[in-house]
Each structure stands twice: as C-alpha cells, then as structure tokens.
**Q** 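This is the structure, below, for whatever I ask next.
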Amino acid sequence: MREVAARTRTLSPFAFRLGVIALVGFAVRVAYALAIARHLNVGYDAVWYTFAAGPLAHGKGFVDPNVFFRTGHTVATAVHPPLYPAFLATVTRVLNGRDETFQLVGAAAGTVTVILTGYVGRRVAGPQVGLLAAMLAAVYPALIAVDGSLMSETIAVPLVVGMVALALVAIARPAWWRFAVLGVLAGLLALARADGLVIGVLVILSAAFAIACRRRVRVSRALVALAALGCVVVPWVVRNDVRVGTATIATLSTAHTISGANCGSTYSGALLGYWDPRCADDGSRGTLSEAIWTHRQTRQGLDYGRSHLSRVPVVVATRELRVLGLFHPLAQARLDAIETRSYRWQLFAWVCWLPVMVLGTLGVVRIARNNRRTTLPLFAVIAAVAVTVALSYGNQRFRTACEPVLLIGTATMVIHHHQQPKRRRLSPRVGRLGSR
C-alpha cells in the first residue's frame, strides 16, 4: 500500500502539469482553427473526405461522393482508406457536418497527440523531458496545421504516437494481449492512411525484437500483433475486392501518387522529387471503372520508373530533401500550402522545424545510448517515414508522423544542456568532500 501511495504522489504532479499543457495545446489549436484554418481554401483531398462523410453518416455506405451528389446513385468506392471519413461521419451524426466543427474536433485529436507525446517522453527519458516534449507539441506549428487541415493525418498522428506508447509498455511487459492491441492500433492506422501500414509493421517488429526474452517469445508476440492487424485490415480489403474490383486498402489515392510522382516533370525540372497531378490521366476516370483506372495509373507510374532507373537515385534523394525542408524551402512551402494550409504558416513551421530536426536527431541518439532496445519503436517511426517518402514523393506533411518523436529528442537535448551547468558547479564540491 505504501508503495502504491508513493507512486500516486510521484505521478500526480506530472499528470496535473501534463493536463495543463494539454489544455494550452487545445486552446492554441482552437485559436488556429478559428483565426486561420477556417479562412483557407480547402484542398482536394480534404473536400473528398468531408463529402464522403455525408452519405456515410446517413447510412448510404462508403460511396463515391462525386457520383452520389451528382446523380444520387450509390457507387462503392475505395479512393481513400475509410477511417477518417468514418471519423467525420461520426462527428456529423453527433454534432454537425460543418468544416469548422471538423476542425475543432481535430483540435481535440491534436490534444491527444500532446498528451501521448508527454507520456512517451516520460517513459524513455524521464518526467522533465516528457513535460517539455508535451509543451513543444502543444505549440508546434506543423502539428497545429495538421489538426486544422481536414486531412487524415488528424487522426493518424495520435494513432502513431499511441502505438509507440503502447509498444514501450509491451516491451517492458510483453503480455500477448498488449501485442494484440498494438496490432489493432496498427490496423486502424493503415485504415487511416495507406502508408500507415509501413509504420505499423515496423513498430510491431521493433517492439517484438526489443523484448528481453527468448526468440520464440519474440516471434510469437510479433505474429499475434500482425494477426490482429490483419483482422482489422482484411475485411476492408475483401470488401474492396468484392464491391470495387480490386483487393487494396486504397485505389485512386495510391495510384494517383504513383503515376503523379513518376513522370517526366517529377524526374527533372522544378517539380523534381515532388508530385504532378497532370501526369495522371484524370480525363479517363469518368469512362473507366475505379479498379481499371487504378490499375492503369499504377502500371503507368511503375513503368516510367523502370524505364528511367538511372534517375531514381537523384529523385529519391530529392524527395528526402524535400520532406526535410532542405530543397527549395520557399517553393516547397507554397506547394504544401495547397492542402488546406497557409503559406505563411508553412514558412513559420519550416523555421521551427530546422532546430527540431537537428536537436531531435541528436536527442533520440542520446536516448538510444542509455537503452537501445526500448527506443527501437522511435527509430521505427523515423525509418518508416523515410521509406514512405522514398516510395512516394517529398511533401513536408509526410514527416508529421515522426515529429512527436523528434520533439521528444529535442526536449532531451534541452534538458541535458540545462542540467550540465549544475553538474559542473556540483563536481568541485563533491571533489573537496571526497578529499576530506
């Protein structure tokens, strides 16, 4: 009982301060939604998400909103993964279907990211790092922009940080059910964003490998998590095979990415390493089925990449530089602003990102020195983002999934350098006491 009471007294100040920070983060996001986000032009994907939520909220199913609102017919679709439209449909049923409401609920989702970032920081580097990391996440411009963008990252980012938090607990206490829940979260992440499947699988494998147990236990826990992931994702894939004609998590969004990122204008010139919608044959979308159009666009992009293999290393390197904000940052900010973002806010976010990129990387490495195994999920998220960018194109919003991890690294470096002068002041005294 004394031990439990002692733990409660230790955790209570941290929980209270984290709660205050979360309230600040929520207030900042609400202010952004009301003052900036509501006045922005809504991006194409955001329009699709909000329109798809309407029929879904009224029991019409996951149907093509373009066809539904033009003709009233319900045609099954898999243009994007279903979780974010389902999230918006729930908000529509409970509250209303206004964009401003979606953005305010997105502010609440972003607050969850703040809380989870603080928890992960505390888990890997102590309460001071956890609280500072949460403070940084509460006011970090890139995360704030995500929560008001009406894009799937609004729920994908808290799912990523939640996976990392659960992975750290599962590493310390590797019960099979914890890995099952980890697999469920990974499945939900894949249903939020198709590229989330890469993050989910890598986090699962890193957590299983980090267990201080026999190889048989590691393998069994990984299989449990992957099986749980499959239980979440497979029904959607089977539904798409039956209703849409192709077994996939997403159709047009994936095909559009592949064809638009692998063509002449993105392998050289001003859009090198980026994405060009003009490369996709959008004119044929009305005459072909969703499955056939997806197959053709995917094959078109892959064929172009195969026939220009000599350019692939340059293109991939440029994609990575773009996502790091190191390739024509002013032009990149203007491109990124297309997706329900402010150009000036994107520039502000870029300025804030540069120190986080440096300090965060150094901080994560420092954390790994103390305990390599438990930090493997952190590196898994960073590696997954790098792989996703290499396979798609360079957009700074793609790195948002790993920015909470780098904010924890940044907090680690700040706390470390803040404590160094104290150690230097104490060391002579300790020496004199020892001589006596």
Side-chain angles (χ1 to χ4, degrees), residues 20-51 53 84-85 87-88 91-92 95-117 133-158 160-161 192-193 274 322-323 325 328-357 394-404 406-407 410:
V20 172
I21 294 170
L23 289 176
V24 172
F26 179 69
V28 171
R29 282 159 174 74
V30 169
Y32 173 84
L34 297 178
I36 297 177
R38 66 185 300 183
H39 302 295
L40 298 175
N41 293 325
V42 181
Y44 175 79
D45 285 350
V47 170
W48 193 94
Y49 285 128
T50 56
F51 275 41
Y84 187 56
F87 174 77
L88 296 182
V91 174
T92 301
L95 300 173
N96 58 63
R98 297 172 58 191
D99 289 352
E100 294 83 357
T101 303
F102 294 154
Q103 289 168 332
L104 292 176
V105 174
T111 306
V112 175
T113 300
V114 173
I115 295 171
L116 291 173
T117 301
M135 290 174 61
L136 294 175
V139 297
Y140 190 63
L143 293 178
I144 295 170
V146 160
D147 299 329
S149 66
L150 300 176
M151 298 284 280
S152 57
E153 289 90 346
T154 302
I155 59 172
V157 175
V160 170
V161 188
R193 288 188 56 81
Y274 195 65
R322 280 187 181 276
V323 82
H328 299 321
L330 299 183
Q332 184 66 38
R334 197 170 294 281
L335 290 171
D336 295 342
I338 296 172
E339 295 170 320
T340 325
R341 284 165 169 81
S342 162
Y343 172 65
R344 293 182 179 178
W345 189 268
Q346 287 299 108
L347 290 181
F348 177 46
W350 173 71
V351 171
C352 295
W353 154 251
L354 294 177
V356 169
M357 176 179 63
N395 188 315
Q396 293 188 87
R397 70 182 175 89
F398 291 164
R399 72 165 185 253
T400 311
C402 71
E403 284 180 299
L406 293 175
L407 290 176
T410 301

**Q** Taking the side chain as everything from C-beta on, heavy atoms only, tell me whether Pro85 gets closer than 4.5 Å to Trp48.
**A**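 Pro85 vs Trp48: side chains touch.
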**Q** For the atom pair CG (Leu330) and OH (Tyr343), what is the distance rounded to the nearest 0.5 Å?
**A** 4.5 Å
**Q** Going by the angle between their ring planes, with limits at 30° and 60°, are Phe348 and Trp345 parallel, tilted or perpendicular?
**A**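 Ring orientation, 0 to 90° scale: perpendicular.
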**Q** Does atom CZ of Phe51 have more than 12 heavy-atom neighbours from other groups under 6.0 Å away?
**A**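 No, because the 6.0 Å sphere around CZ of Phe51 holds 12 heavy atoms or fewer from other groups.
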**Q** Say you draw a straight line from OG1 of Thr400 to CG of Asn395; how long is it, rounded to the nearest 0.5 Å?
**A** 8.5 Å
**Q** With sequence neighbours excluded, tell me which residues meet side-chain hydrogen bond (donor to acceptor under 3.5 Å, both in side chains) with Gln103.
**A** none
**Q** Find the distance between OG (Ser149) and OH (Tyr32) and round it off to the nearest 0.5 Å.
**A**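 Reported to 0.5 Å precision, the distance equals 7.5 Å.
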**Q** Within the distance-only criterion (no hydrogens, no angle test), does the side chain of Arg341 pair as donor or acceptor with the backbone N or O of Asp336 below 3.5 angstrom?
**A**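 No.
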**Q** Side-chain contact, heavy-atom cut-off 4.5 Å: Thr50 with Val42?
**A**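 Heavy-atom side-chain distance check fails, nothing below 4.5 Å.
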**Q** Can you name the side-chain hydrogen bond (donor to acceptor under 3.5 Å, both in side chains) partners of Asp99, sequence neighbours left out?
**A**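 Applying side-chain hydrogen bond (donor to acceptor under 3.5 Å, both in side chains) to Asp99 gives none.
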**Q** Looking at Gly43 and Thr340, what are the two nearest heavy atoms and their distance?
**A**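 Closest pair (atom of Gly43, atom of Thr340, distance): N-OG1, 2.9 Å.
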**Q** Tell me the closest heavy-atom pair linking Val114 and Ala22, and the distance in Å.
**A** CG1-CA, 4.2 Å
**Q** Taking all atoms of both residues into account, what is the closest heavy-atom pair of Leu104 and Ala33, and its distance?
**A**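 Shortest heavy-atom separation between Leu104 and Ala33 comes out as CD2-CB, 4.3 Å.
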**Q** If I take atom CG from residue Leu347 and atom CZ from residue Arg334, how far apart are they, to the nearest 0.5 angstrom?
**A**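 The distance works out to 8.0 Å.
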**Q** Any side-chain heavy-atom pair from Phe102 and Thr92 closer than 4.5 angstrom?
**A**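 When only atoms from C-beta onward are counted, Thr92 and Phe102 do touch, with a gap below 4.5 Å.
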**Q** Can you tell me if Asn41 has over 12 outside heavy atoms packed within less than 6.0 Å of its CG?
**A**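 Atom CG in Asn41 is not packed in, count stays at 12 or less.
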**Q** Which heavy atom in Gln332 sits nearest to a heavy atom in Gly394, and how many Å separate them?
**A**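 Here Gln332 and Gly394 meet closest at NE2-O, 3.2 Å.
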**Q** Side-chain contact test, heavy atoms from C-beta onward, threshold under 4.5 Å: evaluate it for Arg322 versus Leu335 and give yes or no.
**A** yes
**Q** How long is the straight-line distance from CE of Met357 back to CD of Glu403, given to the nearest 0.5 Å?
**A**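 Separation between the atoms: 11.0 Å.
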**Q** How far does OG1 of Thr111 sit from CD1 of Ile21, to the nearest 0.5 angstrom?
**A**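 Reported to 0.5 Å precision, the distance equals 12.5 Å.
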**Q** What is the minimum heavy-atom distance between Thr154 and Ala109, and which atoms define it?
**A**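 Nearest pair, atom of Thr154 first, then Ala109: O-CB, 3.6 Å.
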**Q** What is the minimum heavy-atom distance between Val157 and Pro404, and which atoms define it?
**A** CG1-CG, 4.2 Å
**Q** Evaluate side-chain contact (heavy atoms from CB on, under 4.5 Å) for Leu143 paired with Leu407, printing each intermediate quantity in order.
**A** CA-CA 11 Å; Leu143 293 178; Leu407 290 176; 3.9 Å; yes
**Q** Do any N or O atoms from the side chain of Thr117 and from the backbone of Thr113 form a donor-acceptor pair under 3.5 angstrom?
**A** yes
**Q** Listing request: all salt bridge (Lys or Arg N to Asp or Glu O under 4.0 Å) pairs with a residue in residues 133-147, at least two apart in sequence or in separate chains.
**A** Arg29-Asp147
